[in-house]
Undergrad: 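Handing you this structure, nothing more for now.
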2 protein chains.
Amino acid sequence: MASATPPPLPADLIRAAGAKVTRGRVRVLEALHAARQPLCHAELESQLGAGEPGIDRVTLYRVLDSLVGHGLALKAVDTRGVFRFSATGAQRQHASHIHFRCTGCGGVFCLKAEPPPPPKLPRGFRLGEVEFDVRGTCAGCSAPDRA
Amino acid sequence: MASATPPPLPADLIRAAGAKVTRGRVRVLEALHAARQPLCHAELESQLGAGEPGIDRVTLYRVLDSLVGHGLALKAVDTRGVFRFSATGAQRQHASHIHFRCTGCGGVFCLKAEPPPPPKLPRGFRLGEVEFDVRGTCAGCSAPDRA
DNA sequence: CGCCAAATGCAACACTGTTGCATTTATGGT
DNA sequence: ACCATAAATGCAACAGTGTTGCATTTGGCG
């Protein structure tokens, strides 16, 4: 389906999101885009540390937080309680659609479906965001060749 | 009317599961049964530590693992990456309903409302739980207009 | 009662994530 | 192109969560 749209450069995505374009952010976002599964901090650290300069442990945490804060990455928790990060496709607003969270790999998938209307709240409660979270196992983790 | 099933004592459940009946296990299982929400290690520790003898930190971890291993408790990960435990009997009540999370105080409230029907999933995806997460501010946090 | 495996308590450790602060760097103004 | 500035980085130290090793206690049994 992606025929007329050229692959967006991570640097442009970062700039468009209103964040400084730094080497660390570009490399992390590249790694997240290249990954087919959500990556945790340790995996990113070893993967990027293999390069020339390496990335500081704390800087990597802050880079990831920055990407998540600017909507360029999604943060989830895997079954072991470790945060995993995945790149969002284009700059998307995940305000009005459904998220599917894989309990196996921690991946977040955006479903093409309308979220249901918000329920009525008790008195005094103020509505913020409505998130329809569907959990289960994605196609990769449901593969039958795993006992 | 009166009761279809008498409430089983935690000690009997533990014995029936084939585990030694110890004070720690009974107290933890009682706490899990009494709780209307899954509890994390820290919450259990402070709750049980308020009693007379208190429970060792490590022992509590091992008690929880033991309960999970014997099928008396369920282990899950919350959004912050912390393990939460619930008694197996109590899980059915909270299987699928709506949670309201207050972004001010972090409290979780269970709304009496039917969860919406699950959406259709892509091929290969297996549906686990459907969680309708509504975020906002609760009555207590909304009352004083702090901007 | 007495045995023994299991459970406990204590200390120390490993891993994940965070905070403070000095230094470097990306970006806008001139 | 240069400089100023605020943000980003690197380093050190810390905090929270969960685990392992080992000596001691205890539940369950004959």
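All of these numbers come straight from a predicted model, not from anything done at the bench.
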Undergrad: CD of A/Gln37 to CG of A/Leu32: how many Å apart, nearest 0.5 Å?
TA: 13.0 Å
Undergrad: Which heavy atom in A/Leu74 sits nearest to a heavy atom in A/Thr88, and how many Å separate them?
TA: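 A/Leu74 and A/Thr88 have their closest heavy atoms at CG-CG2, 3.5 Å.
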Undergrad: Could you list the residues that satisfy side-chain hydrogen bond (donor to acceptor under 3.5 Å, both in side chains) with B/Asp56, not counting sequence neighbours?
TA: none
Undergrad: Name all residues meeting the side-chain contact (heavy atoms from CB on, under 4.5 Å) criterion together with A/Val21; count only those two or more places apart in sequence or in a different chain, and write none if there are none.
TA: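 Expected list: A/Ala11, A/Ile14, A/Arg15, A/Val26.
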Undergrad: Against A/Val28, only a single residue in A/Leu48, A/Thr59, A/Leu39 fulfils side-chain contact (heavy atoms from CB on, under 4.5 Å); can you say which?
TA: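 Answer to the side-chain contact (heavy atoms from CB on, under 4.5 Å) test with A/Val28 among A/Leu48, A/Thr59, A/Leu39: A/Leu48.
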Undergrad: Output the rounded distance in Å from CZ (B/Arg84) to P (D/dG18).
TA: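 Going from CZ in B/Arg84 over to P in D/dG18 covers 10 Å.
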Undergrad: Which value, rounded to the nearest 0.5 Å, describes the distance between B/Gln47 atom CD and B/Ile55 atom CD1?
TA: 10.5 Å
Undergrad: Identify each atom pair where a protein N or O and an N or O of nucleotides 4-6 of chain D are less than 3.5 Å apart, giving names and distance.
TA:
none

Undergrad: Any sub-3.5 Å donor-acceptor pair from B/Arg84's side-chain atoms to B/Pro38's backbone N or O?
TA: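 Yes.
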Undergrad: Counting just side-chain N and O atoms, does B/Tyr61 come under 4.0 Å of either OP1 or OP2 of D/dG18?
TA: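 Checking B/Tyr61 against D/dG18: at least one side-chain N or O falls below 4.0 Å of OP1 or OP2.
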Undergrad: Can you tell me how far C1' of D/dT17 sits from CZ of B/Arg57, to the nearest Å?
TA: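 My rounded result for the distance is 7 Å.
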Undergrad: Give the nucleotide from the list D/dA8, D/dT19, D/dG28 with an atom nearest to the side chain of A/Thr22.
TA: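 So the side chain of A/Thr22 is nearest to D/dA8.
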Undergrad: Which sits closer to the 5' end of DNA chain D, B/Ala19 or B/Val58, going by the nucleotide each is nearest to?
TA: B/Val58
Undergrad: List the atom of B/Leu44, the atom of B/Leu64, and the distance in Å for their closest heavy-atom pair.
TA: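 Looking at all heavy atoms of both residues, the shortest contact is CD1-CD2, 3.8 Å.
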Undergrad: With nearest nucleotides of DNA chain D determined for B/Gly81 and B/Arg62 from heavy-atom distances, which residue corresponds to the more 5′ nucleotide?
TA: B/Gly81
Undergrad: Report the distance from atom CD of B/Glu43 to atom C1' of D/dG18, rounded to the nearest whole Å.
TA: 16 Å
Undergrad: Could you tell me whether B/Arg25 contacts a base, only the sugar-phosphate backbone, or nothing, with contacts defined as non-hydrogen atoms closer than 4.0 Å?
TA: sugar-phosphate
Undergrad: What is the distance, to the nearest angstrom, from the CD atom on B/Glu45 to the C1' atom on D/dG16?
TA: 11 Å
Undergrad: In degrees, rounded to 10°, what is the bend between the two ends of the helix from C/dC1-D/dG30 to C/dT30-D/dA1, using five pairs at each?
TA: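 It comes to 30° between the two terminal axes.
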Undergrad: Could you tell me the boundaries of the chain A footprint on DNA chain C, defined by atoms under 4.0 Å from its heavy atoms?
TA: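 Result: C/dT16 to C/dT27.
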Undergrad: Sequence neighbours left out, what passes side-chain contact (heavy atoms from CB on, under 4.5 Å) with A/Asp65? Give chain and number order.
TA: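 Partners of A/Asp65 by the side-chain contact (heavy atoms from CB on, under 4.5 Å) criterion, ordered by chain and then number, come out as A/Lys75.
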Undergrad: Which residues, if any, of residues 64-72 of chain B bring a heavy atom under 4.0 Å of DNA chain C?
TA: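 None, since no heavy atom is under 4.0 Å.
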Undergrad: Mind checking what makes side-chain contact (heavy atoms from CB on, under 4.5 Å) contact with B/Lys20, not counting sequence neighbours?
TA: B/Thr22, B/Arg25
Undergrad: If you measure from NE2 on B/His70 to CG on B/Leu29, what distance do you get to the nearest 0.5 Å?
TA: 12.0 Å
Undergrad: Starting at CG of B/Asp78 and ending at P of D/dT17, how long is that distance when rounded to a whole Å?
TA: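 Taking CG of B/Asp78 and P of D/dT17, I get 10 Å after rounding.
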Undergrad: Report the residues that fulfil ring pair (Phe, Tyr, Trp, His ring centres under 6.0 Å) with A/His41, sequence neighbours left out, ordered by chain and then residue number.
TA: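 For A/His41 the ring pair (Phe, Tyr, Trp, His ring centres under 6.0 Å) partners, ignoring immediate neighbours, are A/Tyr61.
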Undergrad: Of all residues at least two apart in sequence or in a different chain, which pass the salt bridge (Lys or Arg N to Asp or Glu O under 4.0 Å) check with A/Glu30?
TA: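 A/Glu30: no salt bridge (Lys or Arg N to Asp or Glu O under 4.0 Å) contacts found.
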Undergrad: Under the ring pair (Phe, Tyr, Trp, His ring centres under 6.0 Å) test, which residues partner B/Phe83, sequence neighbours left out?
TA: none
